[in-house]
Amino acid sequence: MTTVRTRFAPSPTGYMHIGGMRTALFNWLWARHNNGVFVLRVDDTDRQRNVEEALGPILQAFKWLNLDWDEGPEVGGPHGPYFQSERGELYSAAVEKLLAEGKAYRDYDTPEQIQADREAAQKEKRPYINIRRSLELPEATLKQYEEEGRPAVVRFLVPRDQKVEIEDEIRGHVEWDASLISDPVIQRTDGTPLYNFATVVDDAGMKITHVIRAEEHLSNTPTQVLLHQALGNEIPTFAHIPFVTAPGTTKKLSKRDLSKYRTNPNFKKMFDRADQVFPMIGLGSSETLNPVMVEYYEKIGYLPAGVLNSLARTGWSLDDKTEILSLDTVIEHFTLDRVVKNSAALDPDKLFSFQSHWMSELSLEEKIDGCTPYLVNAGIIEETAENVEHGFIGSVILSLGDRLKLFSDILDVAYFFQEDIAYSEKDFNKRVAKEGVPELLTEYSVRIAELDEFTVENLEETLKTLCEEKEVSTGLLIHGLRIAVTGSPVGPGVYDCLLLVGKDKSIERIKAAVNKVVT
RNA sequence: GGCUCGUUCGUCUAGAGGCCUAGGAUCCCACCCUUUCACGGUGGUGACAUGGGUUCAAAUCCCAUACGAGUCACCA
């Protein structure tokens with residue numbers, strides 16, 4: 001049996017698209033499931049300046065998600081180079097071969113002429129197919145043109161008398177009429193290859209057995225099949241997976257529609273969170289990192305397991321009930337026949353729910369390691385104070401329990417780490433600046449000051465006794481106390497909060513809150 | 001417009017002729033737990049695009065229609 005070889009061929013755009021990541025994942029999964037090889041190839045055929053810089057975030061996305069590649073940038077391999085910009089000779093050789101065999105031809109038509117042809121076709125409402133004028137030129141003229149180096153593109157001569165058929169692993173039988181296909185340009189005037197051609201040469205050269213790519217490439221397939229045939233290549237198996245759409249829409253998720261996503265109710269929370277968190281840790285805002293980019297999820301504190309689980313489940317399922325999937329489980333069960341045919345929307349809610357689950361699986365140590373950088377980068381704790389803070393951060397995380405969904409959520413309880421707290425005005429007025437509450441708070445602070453042991457049990461006991469004596473509901477004090485000590489209406493249990501803030505500081509904050517009411 | 005693909009709860013999906021008065025998850029709602037929030041528990045709303053066939057029987061097969069989408073470059 002031949003080894004399964006899959007590939008993902010990103011072009012260096014400076015960021016990794018979350019939808020593209022899903023395509024990459026499926027390729028990776030299929031390779032791993034079959035103990036095959038996953039190849040990363042860089043599609044930098046056109047004018048990229050800083051390939052290195054633009055490729056960085058893409059490789060980083062793979063590294064973050066722990067999707068390793070067997071051949072490609074940084075690791076090399078036997079079928080390199082893995083940058084298309086370095087494979088020029090291979091493409092030229094393939095072009096020469098087709099030219100020599102009469103399967104391709106030099107086309108001397110100018111872009112203006114082509115454009116005119118196209119417009120004419122449109123005007124007459126007939127499908128456009130390129131006119132093979134250069135093929136009609138007399139031999140002598142052709143020779144002359146070639147000798148004088150007249151600019152020409154090379155077109156592949158489509159055999160228009162046949163059908164092209166494939167058995168797509170996901171879509172099944174698909175066929176096209178080759179008579180409707182224009183002769184594709186395979187080499188530009190400047191000698192560089194075009195995508196459709198480079199892909200074919202590279203897939204064959206890299207011995208790719210399964211071309212798993214998004215459905216939008218389906219219409220490129222007949223041309224590529226024809227090209228493979230002309231080159232005498234073995235034709236790879238195709239699997240066109242549905243593309244990922246924007247939440248709540250049926251349109252392909254695209255960076256171009258970002259401004260629309262901002263107001264998309266399904267997406268809004270993600271943008272809002274970005275605008276809240278990124279400025280604090282010096283990473284800009286949702287303008288610089290947004291949910292279309294994989295980097296967004298990394299930097300806002302998602303877990304690879306959460307993102308991976310979500311990606312694997314959009315367009316693929318294991319059975320009728322399993323939702324929580326580790327990467328290993330997915331590798332074990334991943335098959336192409338369980339990929340759905342219709343496009344699937346990225347679902348932020350579901351992603352978030354997977355994230356919650358995987359976060360809850362983490363050990364305390366892992367959570368501390370994940371959260372600490374946020375506190376440091378936001379300037380809330382000193383990086384040097386690591387040892388001292390470490391245990392305290394752990395206590396905070398412990399008190400947070402399941403409330404911690406993203407690592408960046410630790411920033412929501414900055415009041416445990418900072419001297420000054422910011423009151424939520426609305427809640428302060430509602431729960432502290434209320435008849436009888438300031439007096440209660442003052443009395444409570446006096447009593448806890450006398451406590452020998454500052455523990456949850458004692459704090460609770462004290463509070464209940466006080467409320468009983470004053471004949472008020474415990475809720476009255478509890479709510480006011482929470483706001484007074486943390487400034488926020490939500491968070492860990494109120495006694496935990498008291499403990500974490502500490503005896504002295506708690507009393508101090510209660511006093512400050514009461515004063516604020518009086519003045 | 002041509003070509004191609006697709007259409008099951010709001011969303012992600014299960015479903016390969018009888019197991020389907022359509023299952024799970026998520027979201028949402030209610031209740032319980034908790035005098036916060038979150039977790040957890042219980043329950044609820046909610047879908048086979050439409051029309052024709054084929055068949056004893058169709059979400060499942062066939063055909064049409066509608067709708068949606070992708071693609072039609074010297075982009076990738």
Side-chain angles (χ1 to χ4, degrees), chain A residues 9-13 43-47 84 107 109-111 114-115 118 121-122 125-129 151-155 168 170-172 174-177 180-182 184-196 198-199 214-223 240 242-243 245 247-252 265-266 310 313-324 337-338 340-354 356 360 400-405 409 412 427 431 467 473-479 481-483 486 488-494 497:
Chain A
S11 75
T13 52
D43 250 337
D44 57 348
T45 39
D46 66 315
R47 33 89 249 241
Q84 291 191 326
D107 184 0
D109 280 2
T110 60
I114 304 286
Q115 185 55 28
R118 194 172 283 127
Q122 194 163 18
K125 285 190 172 167
R126 63 179 158 75
Y128 168 76
I129 298 192
V153 294
V154 176
R155 281 184 193 271
D168 191 277
I170 290 157
R171 262 138 244 289
V174 186
E175 61 175 46
W176 296 265
D177 189 339
L180 266 23
I181 301 173
S182 254
V185 173
I186 58 176
Q187 189 179 68
R188 294 187 183 90
T189 315
D190 67 4
T192 56
L194 271 99
Y195 169 76
N196 253 339
T199 299
E215 190 192 341
E216 64 221 61
H217 287 284
L218 192 53
S219 43
N220 288 143
T221 307
T223 304
H240 288 92
F243 46 77
T245 66
T249 76
T250 49
K251 290 202 172 56
K252 194 169 69 166
N266 300 285
S310 166
R313 277 292 289 110
T314 106
W316 179 86
S317 67
L318 197 168
D319 55 27
D320 59 344
K321 47 179 73 76
T322 314
E323 294 285 337
I324 299 295
D337 62 352
R338 290 203 63 84
V340 299
K341 292 183 174 67
N342 48 314
S343 56
L346 179 74
D347 186 345
D349 283 333
K350 200 131 186 187
L351 164 60
F352 197 68
S353 125
F354 285 129
S356 288
S360 74
L400 241 23
D402 289 321
R403 295 173 189 83
L404 185 82
K405 314 271 198 197
D409 288 345
D412 293 343
D427 294 290
R431 323 233 75 144
C467 289
S473 79
T474 50
L476 191 66
L477 216 195
I478 288 177
H479 289 128
L481 191 54
R482 168 185 297 288
I483 304 289
T486 70
S488 165
V490 300
V494 73
C497 288

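Just the heavy atoms: all of them, side chains too, but no hydrogens, waters or symmetry mates, feed the values below. The sequence lines fix the lettering, A, B, ..., with proteins before strands; numbering per chain opens at 1.
Looking at R171(A), its side chain has no donor and acceptor atom pair within 3.5 Å of the base of C5(B). Scanning atom types as modelled, one donor and one acceptor separated by under 3.5 angstrom connect the side chain of N220(A) and the base of A76(B). Applying the 3.5 Å distance criterion, the base of C3(B) shares no donor-acceptor pair with the side chain of S219(A).
In the set A25(B), U8(B), U4(B), U8(B) carries the atom at the smallest distance from any side-chain atom of N342(A). Minimum atom distance to the side chain of F243(A) is reached by G70(B), of the listed U4(B), G70(B), A76(B). Of the candidate nucleotides C37(B), C74(B), C12(B), C37(B) has the atom lying nearest to any side-chain atom of V490(A). Closest to the K405(A) side chain, of the nucleotides C39(B), G24(B), U4(B), is C39(B). Here A69(B) is the nucleotide among U13(B), G10(B), A69(B) with the atom lying nearest to any side-chain atom of T250(A).
Rounded to an integer number of Å, the gap from E323(A) CD to C27(B) P is 11 Å. U11(B) atom C1' lies 8 Å from atom CG of D349(A), rounded to whole Å. Nucleotide C72(B) holds its P atom 22 Å from the NZ atom of K125(A), rounded to whole Å. To the nearest angstrom, P of C39(B) lies 8 Å from CG of D402(A). Computed from coordinates, the K251(A) NZ to C67(B) P distance equals 14 Å when rounded to whole Å. Computed from coordinates, the L346(A) CG to A25(B) P distance equals 21 Å when rounded to whole Å. For the pair E216(A) CD and A76(B) P, the computed distance is 14 Å after rounding to whole Å. Atom pair F352(A):CZ and C39(B):C1' shows a separation of 13 Å (rounding to whole Å applied).
Comparing P10(A) and L476(A), the nucleotide of RNA chain B nearest to each residue sits closer to the 5' end for L476(A). Each of R338(A) and R431(A) was assigned the nucleotide of RNA chain B with the nearest heavy atom; the assignment lying further toward the 5' end belongs to R338(A).
With centroids closer than 5.5 Å and planes inclined by less than 30 degrees as the test, H240(A) and the base of G70(B) fail to qualify as a stacked pair.
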Between protein and nucleic acid, restricted to nucleotides 19-23 of chain B and to nitrogen or oxygen atoms under 3.5 Å apart, what atom pairs and distances do you find?
{"unit_1": "G23(B)", "atom_1": "N2", "unit_2": "D320(A)", "atom_2": "O", "d": "3.1"}

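Donor-acceptor pairing under 3.5 Å is lacking for the side chains of R482(A) and T486(A).
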Tell me, for nucleotides 41-51 of chain B in 5' to 3' order, what letter each nucleotide earns: B for a base near a protein heavy atom under 4.0 Å, S for only sugar-phosphate near one, - for neither?
-> -----------
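Contacts of Q115(A) with the nucleic acid, taken as non-hydrogen atoms under 4.0 Å apart, are absent. Nucleic acid contact class of S473(A) (heavy atoms, under 4.0 Å, all strands): base.
Considering only residues two or more places apart in sequence or on other chains, S317(A) meets the side chain to side chain contact (heavy atoms under 4.5 Å, CB included) condition with R313(A), R338(A).
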